[in-house]
Q: 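Just dropping this structure here.
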Amino acid sequence: MINGKKIVVIMPAYNAEKTLEITYNEIYKDFVDKVILVDDNSSDNTKDVSKKLNITTIVHNENKGYGGNQKSCYTAALKEGADIVIMLHPDYQYTPKLIPAMASMIAFGEYDAVTASRMLTNSALKGGMPLYKYVANKFLTAFQNFFLGQKLSEYHTGFRAFSRAILENLPLAECNDDFIFDNEMLALIYYYGYTIGEISCPTKYFPEASSINFKRSTKYGFGVLNVSIKYFLAHLGLYKSKIFKHGAKKLNIDSKLQYYHLSDE
């Protein structure tokens, strides 16, 4: 706990057996109350490594996509009574050592959400981010800041922290099940009047770290432009897509998730 707030780390995982243990071992357990991993029907031994590490593990019977995986993660964290939820990719691209700092920014009431930015320093290129991704990140972030009226240094990091209020009140069930989920979530946070803080984060690119290919990156990029324009129109009251409409579906914490129990042999 930090300032009396229960901290839960969630790990959306897909084929992460090679990097899960090193990522998990760098989590400061003195601050984190629970770690939950959701295995999105991996073809490797991710769930077995998770079991060995004593991580509470949920296994999807079929691949639900990156966004669908996060929905299961957040639902499970809310069921565990989390006050603050940290999303950490188990591919060791982001350092878990920043978890206490990110959680503290929410626990002491300064922000409702915190993102770990690779763009606040020169760590992105130094860490091996491909130049085309760096340029695309900068362009998309500038585009989003214009249409959302904000000043974030990056919208595309996979290392984030959220208050319970955000996860309970935003219509995350309506968000896309693919990679654009991340972007829709940030747009919704701003749309509903919550605040986002940033912290500088080093990053590492290496063969085992997860990364989407050029084709999917291009699809994601157009999705980002689409979300930004939809936010802009909804903010002006000209048109509201389903995620910005009143009554859009929230996460159902009563939904059933299939657990891979640590005692199962």
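Note that the structure is a prediction, hence the values are computed from the model and not measured. For the single chain, residues carry numbers from 1 onward in sequence order.
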Q: Check for a donor-acceptor pair, side chain of Thr23 on one end and backbone N or O of Tyr92 on the other, with a separation under 3.5 Å.
A: yes

Q: Determine yes or no for a side-chain-to-main-chain donor-acceptor pair under 3.5 angstrom, with Asn69 supplying the side chain and Gly65 the backbone.
A: no

Q: Could you tell me whether Asp178 and Arg216 make a salt bridge, using a distance below 4.0 angstrom between a side-chain N and a carboxylate O?
A: yes

Q: Do Ile99 and Met1 land in one hydrophobic cluster if side-chain heavy atoms of ILVMFWY residues count as linked below 4.5 Å?
A: no

Q: May I ask you to check whether over 12 heavy atoms, not counting those of Lys29, lie within 6.0 Å of atom NZ?
A: yes

Q: Name the residue from Asn137, Thr115, Thr141 that meets the side chain to side chain donor-acceptor pair (under 3.5 Å) definition with Glu154.
A: Asn137

Q: Are Glu174 and Lys250 close enough for a salt bridge, meaning some N to O gap below 4.0 Å?
A: no

Q: Taking Arg164 for its side chain and Ala82 for its backbone only, find out whether a donor-acceptor pair lies under 3.5 Å.
A: yes

Q: Taking Asp40 for its side chain and Lys64 for its backbone only, find out whether a donor-acceptor pair lies under 3.5 Å.
A: yes

Q: Is a side-chain N or O of Tyr94 found less than 3.5 angstrom from the main chain of Gly158, in a donor-acceptor match?
A: yes

Q: Given side chain to side chain donor-acceptor pair (under 3.5 Å), test Thr57 with Lys51 step by step and report yes or no.
A: CA-CA 7 Å; Thr57 307; Lys51 176 181 177 180; over 6 Å; no

Q: Of Phe179, Phe181, Tyr220, Tyr14, which is the lone residue that meets ring-ring contact (aromatic ring centres under 6.0 Å, His included) with Tyr66?
A: Phe179

Q: Can you check whether Ile58 reaches Asp39 side chain to side chain, under 4.5 Å on heavy atoms?
A: no

Q: Say whether, by atom type as modelled, one donor and one acceptor occur between the side chain of Lys71 and the main chain of Ala173 under 3.5 angstrom.
A: yes

Q: Between Thr157 and Ala116 (side chain of the first, backbone of the second, donor and acceptor by atom type, cut-off under 3.5 Å), is there such a pair?
A: yes

Q: Honestly curious: do Phe139 and Ile180 fall in one hydrophobic cluster under the side-chain, below-4.5 Å linking rule?
A: yes

Q: Are there over 12 heavy-atom neighbours, none belonging to Phe146, within less than 6.0 Å of that residue's CZ?
A: no

Q: What's the shortest heavy-atom distance between Met87 and Gln70, and which atoms?
A: SD-OE1, 2.9 Å

Q: Report yes if some heavy atom in the side chain of Met105 is under 4.5 Å from a heavy atom in the side chain of Glu198; otherwise report no.
A: no

Q: For a 4.5 angstrom cut-off between non-hydrogen side-chain atoms, does Gln93 reach Arg118?
A: yes

Q: Check whether any side-chain heavy atom of Val85 lies under 4.5 Å from a side-chain heavy atom of Tyr74, and answer yes or no.
A: yes

Q: Looking only at heavy atoms, which two atoms of Cys73 and Val38 are closest? And how far apart?
A: SG-CG2, 3.5 Å

Q: Test your reading of the model: is there a side-chain donor-acceptor pair from Asp112 to the backbone of Ile106, 3.5 Å cut-off?
A: no

Q: Short question: side chain of Asp44, backbone of Glu17 - any donor-acceptor pair under 3.5 Å?
A: yes

Q: Between Leu186 and Leu120, is there a shared hydrophobic cluster once you connect ILVMFWY residues whose side-chain heavy atoms come closer than 4.5 Å?
A: no

Q: Tell me whether the count of non-hydrogen atoms from other residues, nucleotides or ligands lying under 6.0 Å of CZ in Phe108 goes above 12.
A: yes

Q: Okay, side chain of Lys6, backbone of Glu80: is any donor-acceptor separation there less than 3.5 Å?
A: yes

Q: Under 6.0 Å between ring centres, would you say that holds for Tyr190 and Tyr231?
A: no

